[in-house]
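Treat the numbers as computed from the prediction; the structure is a model and nothing was measured.
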Amino acid sequence: MDNTTTIEELKKSVLEFRDRRNWKQFHDIKNLSMGLSVEAAELQELFLWKTPAEIDAMVSAAGERKKIAEELADVFVFLLYLGEAAGIDLSTALREKLLVNER
C-alpha cells in the first residue's frame with residue numbers, strides 16, 4: 001500500500017526481479033530512458049481519442065482500471081530502474097524539485 005511501502009522496498013523488489021532474469025546487462029541509462037518513454041506512451045494510448053466521459057467510465061470499470069494500473073506500474077518500474085542506474089535517490093530528487101517548483 002502507498003502508505004506502508006517505502007520506495008526502497010519497491011526498488012529492492014524490482015531489482016531482485018531484474019537480477020533473477022539477468023536483465024541488468026540491458027539496463028543502461030539510454031535504454032532505460034527510452035523504455036520509460038515507451039511505457040509512458042502505452043499509458044497514453046489507453047486514453048487516446050477518448051472523451052472525458054469515456055475516460056471516467058474507464059477508470060470506473062474494473063477491467064479498464066486494471067489496465068491503467070498495469071501501465072502506471074510499468075512506468076514506475078522504469079523510474080525505479082533508471083534512478084538506480086543513474087545513482088539518483090528519487091525521494092530526494094522529488095523533494096528538491098518540489099522546492100524548485102515552489103519558488
Working for side-chain contact (heavy atoms from CB on, under 4.5 Å), residues Y81 and V14: CA-CA 8 Å; Y81 285 152; V14 299; 3.9 Å; yes
Stepwise salt bridge (charged side-chain N to carboxylate O under 4.0 Å, His left out) check, K66 with E70: CA-CA 6 Å; K66 185 174 181 344; E70 289 173 353; 2.6 Å; yes
Output the distance between atom [atom1] ([X]) and atom [atom2] ([Y]), rounded to the nearest 0.5 Å.
X	Y	atom1	atom2	result
L15	K24	CG	NZ	8.0 Å
L48	Q44	CG	CD	8.5 Å
T4	E9	OG1	CD	7.5 Å
I29	L36	CD1	CG	13.0 Å
F76	L90	CZ	CG	7.5 Å

Verify same cluster id: [X], [Y] (apolar side-chain graph, 4.5 Å):
X	Y	answer
V75	I55	no
L10	L32	yes
L46	L72	yes
L79	V38	no

Qualifying residues under ring-ring contact (aromatic ring centres under 6.0 Å, His included), relative to F47, sequence neighbours excluded: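 Scan of F47 (ring-ring contact (aromatic ring centres under 6.0 Å, His included), adjacent residues dropped) gives none.
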Crowding at CD, Q25 (>12 non-hydrogen neighbours, <6.0 Å):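 Above 12, so yes.
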Heavy atoms from other residues, nucleotides or ligands near CZ of R95 exceed 12 (cutoff 6.0 Å):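 No, the 6.0 Å shell around CZ holds no more than 12 heavy atoms from other groups.
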E71/K67 salt bridge by N-O under 4.0 Å criterion: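 Looking at E71 together with K67, the answer is no, because their closest N to O distance does not fall below 4.0 Å.
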Cationic N near anionic O, under 4.0 Å, E84 to R18: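 A salt bridge links E84 with R18.
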Derivation and outcome, side-chain contact (heavy atoms from CB on, under 4.5 Å), residues F17 and V77: CA-CA 11 Å; F17 179 87; V77 166; over 6 Å; no
Aromatic ring pairing W23/H27, orientation class (parallel under 30°, perpendicular over 60°, tilted between):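 Tilted, since the angle between the ring planes falls between 30° and 60°.
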Backbone of K30 reached by a side-chain donor or acceptor of S33 within 3.5 Å: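 At least one qualifying donor-acceptor pair exists.
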Qualifying residues under side-chain hydrogen bond (donor to acceptor under 3.5 Å, both in side chains), relative to D56, sequence neighbours excluded: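 Partners of D56 under the side-chain hydrogen bond (donor to acceptor under 3.5 Å, both in side chains) test: none.
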Minimum heavy-atom distance between L43 and I68, given as atom pair plus value: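 Result for this residue pair: CD1-O, 4.2 Å.
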Steps toward side-chain contact (heavy atoms from CB on, under 4.5 Å) verdict (M58, E54): CA-CA 6 Å; M58 284 177 67; E54 290 171 324; 5.6 Å; no
Minimum side-chain heavy-atom gap I7-L80 below 4.5 Å: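 Contact flag for I7/L80 side chains = yes.
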